[in-house]
Protein chains: 2
Amino acid sequence: MNRPRGRPARGQGLTAEAILDAALALLDEGGEAALSMRALATRLGVTPMSLYHHVADRAALLAALSERIYGGVLDGAPDDAPAEPALRALLLRYYDAVGRHPALTLAIFAEPAAFAGATLRITAQLEALLAGLTPQFAPWRDILVDHAHGSGLALSAARDAAQAKDLRRRHEEALDLLLGQLRATGKHG
Amino acid sequence: MNRPRGRPARGQGLTAEAILDAALALLDEGGEAALSMRALATRLGVTPMSLYHHVADRAALLAALSERIYGGVLDGAPDDAPAEPALRALLLRYYDAVGRHPALTLAIFAEPAAFAGATLRITAQLEALLAGLTPQFAPWRDILVDHAHGSGLALSAARDAAQAKDLRRRHEEALDLLLGQLRATGKHG
DNA sequence: ACCTGAACACCGTTCAAGT
DNA sequence: ACCTGAACACCGTTCAAGT
């Protein structure tokens, strides 16, 4: 394509924000394979190399997306709420984040470098809440996180919105089953 | 490279077996990114195109690997054993398969076509065993499978064999915690 | 500072040709 | 039947050059 080279005349050039928006859209639409630096550049109407002025490389792009999506999971959580409803709400927000962006989640699983920021903070918050409910917080932390992951990823196989809603309802029931067990264990364990 | 072209003189040419062995080794050593058709061909001392006479494409290769690894999980399970120990043994064999080949597991997650054979049979067997233990088999099936996945994948972050062993012990404890809850639920639920 | 084209070392897969 | 080289349409990333 014959695009003018050099810096564009006006100030509205490429931004990290716009790159992340487009990258997330590619990921959501076509899975990890669809998110290539070249496809991303094409979608933004730019050459692939322009991207490297705003993100270090593809791994950093995934890490930034992880921060954007999973960072939001911890926002808006009142810290004066009782532990159990707070735990339940946090887990459902996490499940929803996984379910909305399964390809991102899978990509992060394979990219240990992206497993640094928001996901660790979520785990820490989870542990803090669990510590107030049961002495055995480590196994419960794993069980609950794994369940959110697996159940959220399964959401991507839903045929339509109705089935997705049904899956979410069943996830919520299973979560309540687990939280009921946790409550029983916490009391006499 | 100057390799003789055409069919090799003796009968010991490339086999699907040898391709799967090498593919699994690449996957285990370097993750999904390391398993390219070209790297696989190089490791086997062959041109990339030779592979296509034995496997349809990369997706079929992953599906065949899935069948090899997860097919073994169901083998050697006596069907006259009581449901609970049979369930426990099946889940631990599944966990071990995931833990031994995390990259394969992750690759299959992203490749819906590979989610056909052995994994579905494992789920079916799990459901059959659970049906004898609790009326609520669907949520427990999800909880137990998700836990095996998550915990097995976490195994790949272990620094050494000692830590891996410790993680496995903790997984087993968490599994027994869940099975204890399941037993309690089954009785009065 | 930010964008460009050209280049390098890769991919998966198809095709026509060898034996 | 099974292997080959050449080709096509892709990758991520680096570099030197433009404005």
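First the proteins, then the strands, lettered A, B, ... as listed; each starts at 1. Only this structure's heavy atoms are used, side chains among them; waters, hydrogens and symmetry mates stay out.
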Just how far, in rounded Å, is [atom2] of [N] from [atom1] of [X]?
X: B/L35; N: C/dC10; atom1: CG; atom2: C1'; answer: 15 Å
X: A/I19; N: D/dG12; atom1: CD1; atom2: P; answer: 13 Å
X: A/L61; N: D/dC11; atom1: CG; atom2: P; answer: 15 Å
X: A/D57; N: C/dA9; atom1: CG; atom2: P; answer: 20 Å
X: A/E32; N: C/dC11; atom1: CD; atom2: C1'; answer: 14 Å
X: B/L14; N: C/dT19; atom1: CG; atom2: P; answer: 20 Å
X: A/L51; N: C/dG5; atom1: CG; atom2: C1'; answer: 15 Å
X: B/Y52; N: D/dC2; atom1: OH; atom2: P; answer: 17 Å

- For D/dC2, which nucleotide in any strand shown is its Watson-Crick or wobble partner with both distances under 3.5 Å? C/dG18

- Once you apply the 3.5 Å cut-off to both distances, tell me the Watson-Crick or G-U wobble partner of D/dA7, or none. C/dT13

Does a side-chain N or O of [X] approach OP1 or OP2 of [N] to a distance below 4.0 Å, or not?
X: B/S50; N: D/dC2; value: no
X: A/H53; N: C/dT4; value: no
X: B/H54; N: D/dA1; value: no

Please determine, for the side chain of [X], which listed nucleotide ([options]) has the closest atom?
X: B/R38; options: D/dT13, C/dG12, C/dT14; answer: C/dG12
X: B/A39; options: D/dG5, C/dC11, C/dG12; answer: C/dC11
X: B/M49; options: D/dT4, D/dT13, C/dG12; answer: D/dT4

- Could you check A/L61, A/D57, A/L14 and say which one makes a side-chain contact (heavy atoms from CB on, under 4.5 Å) with A/L51? A/L14

- Message: Salt bridge check, A/D21 against A/R68: does any charged N sit closer than 4.0 Å to a carboxylate O?
- Response: yes

- Message: Among A/R168, A/R169, A/R170, which residue satisfies the salt bridge (charged side-chain N to carboxylate O under 4.0 Å, His left out) criterion with A/E172?
- Response: A/R168

- Taking the same atom, C1', in C/dA7 and in D/dC11, what whole-Å distance lies between them? 14 Å

- To the nearest 0.5 Å, how far apart are CG in B/L27 and CG in B/L20? 11.0 Å

- Query: Would you say the ring centroid of B/F109 lies under 6.0 angstrom from that of A/F109?
  - Reply: no

- Message: Between B/P48 and A/S36, which residue's closest nucleotide on DNA chain D lies nearer the 5′ terminus?
- Response: B/P48

